[in-house]
Every structure is written in structure tokens, then in C-alpha cells.
2 protein chains.
Amino acid sequence: MISLTNLLNSSNKLDDDVTNKIKASLKQVVVKKGTVLQRSGKMSSNSYFVKKGLLKSYVIDEKGKEHIFTFAPENWLISDIESQSYNSPAVLFIEAIEDSEIEIISKHSLELFKELPQPVIYNELQRLLKRCGTLQRRVLMLMSFSAKERYNEFIKTYPDIVQRVPQRLIASYLGITPQALSTLRKKYK
Amino acid sequence: MISLTNLLNSSNKLDDDVTNKIKASLKQVVVKKGTVLQRSGKMSSNSYFVKKGLLKSYVIDEKGKEHIFTFAPENWLISDIESQSYNSPAVLFIEAIEDSEIEIISKHSLELFKELPQPVIYNELQRLLKRCGTLQRRVLMLMSFSAKERYNEFIKTYPDIVQRVPQRLIASYLGITPQALSTLRKKYK
DNA sequence: GGGGCGCATTCATCTACATTAATAAATTAA
DNA sequence: TTAATTTATTAATGTAGATGAATGCGCCCC
């Protein structure tokens with residue numbers, strides 16, 4: 001079974017004290033499709049590692065419209081980074097869009113990372129850098145690409161997600177309405 | 001004088017070997033307004049620490065239009081994270097919009113970070129997390145806010161930048177045209 | 001296996017913002 | 001100082017994508 005701690009161990013063969021402490025602090029949950037794991041407004045938001053299934057994170061704007069920030073399939077970590085890094089209430093909802101098995105990494109678990117050996121932390125730094133790189137790309141795409149170009153890019157980058165989620169969710173991720181996505185797909189063929 | 005290495009030292013009082021090696025590998029440059037420090041397409045892009053002045057990073061789309069990704073005033077680090085983390089050619093241009101004093105952190109300098117002591121790396125991790133949080137916020141704003149709301153948010157968050165750069169650059173950062181920003185500002189009063 | 005509900009599609013209309021263009025004001029250069 | 005080049009403003013027109021509403025389809029569930 002793959003889990004967060006496996007990933008942590010990848011550059012550190014020792015099952016040292018800290019790693020064990022972190023492992024012990026993780027909560028395992030099994031959730032049904034539609035379960036909301038976290039709501040906007042909640043203080044000290046968690047991270048969620050997806051062992052099986054599929055999650056989404058999203059905001060709801062003042063008109064009640066949902067905007068998807070990320071999808072997280074197997075082996076992905078999903079969280080409200082803004083809330084975590086600035087210690088502010090969560091802005092993101094996190095919800096299962098398939099029946100899922102999740103590892104919950106609490107604020108407290110995260111603080112234990114401080115004690116992890118240097119190589120493990122350096123590894124985490126590299127992973128976070130990639131996450132940042134992906135977000136940079138996302139911002140630039142939102143600013144300079146048309147809806148059609150963003151859709152092309154999406155199906156190229158996440159072909160598996162395209163198969164698994166209804167189109168209205170992809171539209172929401174792209175920042176357009178389901179209707180717009182539908183007409184856009186028609187013009188394609 | 002503030003510099004990157006000062007920041008590195010913040011959690012680590014020792015001037016150890018690695019820190020010195022990194023310090024020695026940094027290049028100091030003084031550039032005139034308008035100088036392009038880095039161009040899209042270049043392999044192995046650098047990071048730039050702004051000691052004095054103001055930089056911008058941006059893409060140029062296929063229609064030749066410029067889209068600003070970030071501004072970097074004093075004490076900020078600016079770089080093409082996507083290119084750095086994926087080892088791919090730069091997509092961002094980096095350019096001085098005021099006469100500036102810059103510390104160049106080459107790819108090679110960055111690799112030396114691997115040897116830095118754990119607390120320093122952990123500190124870097126925290127800083128990167130904040131950067132990530134800011135990017136998350138940016139994505140969500142681009143998806144769910146109108147141009148007007150994004151402008152309000154910008155002047156609240158970066159009042160200093162508003163004073164220092166021409167409006168067309170702010171428009172470019174917000175993802176709208178200078179004309180749109182102008183009319184939007186008029187309706188304000 | 002029929003009733004209900006979420007989802008995709010299509011079409012008519014609307015709107016936020018882009019584009020083009022012209023002019024004025026401000027900044028830079030010579 | 002004047003000339004040249006950016007920059008900001010205003011207005012007319014165009015357009016990508018939003019909104020609202022209607023229709024049909026698949027799918028779950030009793």
C-alpha cells in the first residue's frame with residue numbers, strides 16, 4: 001500500500017523516531033462519493049493524501065458558483081496551501097468525487113515535519129517546487145490562453161481525469177461554463 | 001546590505017562552508033531600467049534576488065501580447081519556477097523596470113542548497129509554501145473575480161507597486177487591457 | 001421497469017472585456 | 001527648450017463566453 005509515509009521514506013531508509021511519530025499521527029478514513037472532508041471557513045485545515053479514489057478542491061463564489069482548484073487522484077496530496085501557510089481559515093472545500101480511501105495529515109502532523117532529517121526535507125522542497133511550477137503554469141494559462149487552448153492543454157496533461165469526471169467539473173476547472181465547454185467540443189470535430 | 005545569504009543565515013548563525021560556497025557563487029549586477037536579464041527559451045534559468053529596484057517577469061503570447069506574472073521589489077526573489085523545477089527551457093522573460101541592483105543565483109548555486117543544514121532548508125520550505133499559497137490565491141482570483149475585484153485586491157495587497165509602475169503594467173498583471181483598467185478606474189469615483 | 005434526477009446539448013440573448021482608433025497628457029531624449 | 005516616444009483616456013464596435021431556458025439522455029434507486 002502506498003501512503004504518505006512511503007513517500008517520506010523514499011530518500012531515507014531508516015524508520016526513525018520522527019517518521020514513526022508522523023505515521024502514528026495520520027488518520028485513515030474511507031469516504032463515500034460526495035463526502036465533504038473540509039469546508040471553507042474552518043480554521044487549521046488539513047492535508048489529504050489520496051490512497052484510492054478521487055478528490056476535488058474548490059471555492060464557492062458570492063453567486064454560489066463553484067470553481068475547481070484541483071483534482072487529486074491516487075497518490076496525490078491535496079490541501080488548502082494558502083490557509084496552511086498563512087495560518088488563516090480555509091478558503092477551499094475538499095470533497096470526494098469517487099468513493100475514496102484517504103490519509104488525513106493534520107496541522108499537528110505537519111508540524112512534526114520540522115524534525116525530519118535534512119535529505120527528507122530537501123526532497124519535500126523539490127516536490128513543493130514542482131507544485132509551484134505547476135501553479136505558475138496554471139496562472140499563465142488562465143491569463144494568456146483561450147478556453148479552447150486551456151481545454152486542449154488539460155486533456156493532454158490529465159487524460160486520465162478526463163475519463164473519470166463529468167464534463168461540468170472540467171469546465172469548472174477551466175474557468176468556463178459547461179455550456180461553453182460543450183459548444184467548444186462540438187466545433188472540434 | 002540585505003542579500004540572499006542574509007536570509008539564508010537567518011535561522012543559522014554559523015557561517016559554515018556551504019553558506020560561504022553559495023555566497024561566493026552569487027553574481028552581483030547593476031542594471032539599467034529596461035535591461036532584460038533573461039529571455040524565454042533559455043535553458044537553465046537563474047533566480048534573481050532584488051537588492052534595490054524593481055523587476056517584472058512575463059510571458060509573450062503568440063499574438064505578441066505581454067502578460068505579467070510577477071513584480072519583484074526590494075528583497076524579493078524572482079524566477080521561472082516552472083523551468084527550474086522541471087529542468088525545461090524558460091518560459092518567462094525577466095526584466096528591470098527600474099534601475100536595479102541584483103544578485104544572480106545560478107542553477108549551480110541552487111544545487112549547492114542541497115548541502116545546507118536542516119533548519120535552513122526547513123526555513124526555505126516554509127518560504128516556498130507561502131509562495132505557493134500566494135499562487136493558489138492568484139489562480140482562484142483569476143477564476144472567480146471580475147476585473148474590478150481583482151484590481152481592488154491588487155491595490156490592497158501591493159499599494160507600493162501601484163505607486164511605482166505605469167498602469168498598463170498593472171493591467172497586464174490583472175489580465176486586462178490598459179483601456180479596460182482606465183474605464184474601470186473612472187467608474188470608481 | 002418506471003419515475004426522478006443529474007448531466008450534456010442546443011439555442012437565443014446578454015455582458016464584460018477586447019480591439020481599434022483618435023486625442024491628450026506626461027515622460028524621455030536630444 | 002523642443003521634438004519624440006510612451007502613457008492614459010475616451011468612445012465606437014466586435015466577440016468570447018455567460019446566462020437562462022428548453023430538450024433529451026443515461027442512470028440510479030425504490
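In what follows, chains are A, B, ... by sequence order, proteins preceding strands, each numbered from 1.
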How close or far is atom [atom2] of [N] from atom [atom1] of [X], stated in whole angstroms?
| X | N | atom1 | atom2 | value |
| --- | --- | --- | --- | --- |
| B:E98 | C:dT27 | CD | P | 14 Å |
| B:L184 | C:dT15 | CG | P | 18 Å |
| A:M143 | D:dA16 | CE | C1' | 19 Å |
| B:D61 | C:dT19 | CG | P | 9 Å |
| B:K187 | D:dA11 | NZ | P | 13 Å |
| B:I97 | C:dT28 | CD1 | P | 13 Å |
| A:L181 | C:dT10 | CG | P | 12 Å |
| A:R185 | C:dC7 | CZ | P | 15 Å |

Partner residues of [X] under the side chain to side chain contact (heavy atoms under 4.5 Å, CB included) criterion, sequence neighbours left out:
| X | value |
| --- | --- |
| A:A90 | A:Q38, A:S45, A:D80, A:S83 |
| A:K27 | A:I104 |
| B:V30 | B:E101 |
| A:P89 | A:M43 |

For this session: Measure from the side-chain N and O atoms of A:T183 to the backbone N and O of A:A180, and report whether any donor-acceptor pair falls under 3.5 Å.
Result: yes

For this session: Please collect all salt bridge (charged side-chain N to carboxylate O under 4.0 Å, His left out) contacts where either partner lies in residues 137-152 of chain B, sequence neighbours excluded, each pair once.
Result: A:E82-B:R137, B:R137-B:E153

For this session: Scan residues 165-180 of chain A against DNA chain C and write down, sorted by residue number, each residue with any heavy atom closer than 4.0 Å; if none is found, say none.
Result: A:P166, A:Q167, A:R168, A:Q179

For this session: Examine A:L128 and B:I78 and state if one hydrophobic cluster contains both, with Ile, Leu, Val, Met, Phe, Trp and Tyr joined whenever side-chain heavy atoms are less than 4.5 Å apart.
Result: no

Exercise. How sharply is the helix from C:dG1-D:dC30 to C:dA30-D:dT1 bent, taking the axes over five pairs at either end and rounding to 10 degrees?
Worked result: 50°

Problem set entry | Touch class at under 4.0 angstrom, heavy-atom based, for A:K65 against every strand present | sugar-phosphate

For this session: Identify whether any heavy atom of A:K148 sits under 4.0 Å from a base atom; if not, whether one sits that close to sugar-phosphate; answer base, sugar-phosphate or nothing.
Result: nothing

For this session: State which residues pass salt bridge (charged side-chain N to carboxylate O under 4.0 Å, His left out) with B:D99; sequence neighbours excluded, sorted by chain then number.
Result: B:K32

Problem set entry | Qualifying residues under salt bridge (charged side-chain N to carboxylate O under 4.0 Å, His left out), relative to A:E98, sequence neighbours excluded | A:R164

Quiz: residues 64-73 of chain B side-chain donor-acceptor pairs under 3.5 angstrom, not counting sequence neighbours:
residue : atom : partner : partner atom : Å
B:E66   : OE2  : B:K56   : NZ           : 3.0
B:H67   : NE2  : B:D61   : OD2          : 2.8
B:T70   : OG1  : B:S57   : OG           : 2.8

Do any side-chain atoms of residues 114-121 of chain B form donor-acceptor pairs under 3.5 angstrom with protein atoms, and if so which ones, sequence neighbours left out?
residue : atom : partner : partner atom : Å
B:Q118  : NE2  : A:K114  : O            : 2.8
B:Q118  : NE2  : A:L116  : O            : 2.6

Exercise. Hey, does the side chain of A:K186 come within less than 4.0 Å of C:dT9's phosphate (OP1/OP2), counting only N and O?
Worked result: no

Exercise. In B/S/- notation, 5' to 3', how is nucleotides 22-29 of chain D contacted by protein heavy atoms closer than 4.0 Å?
Worked result: --------

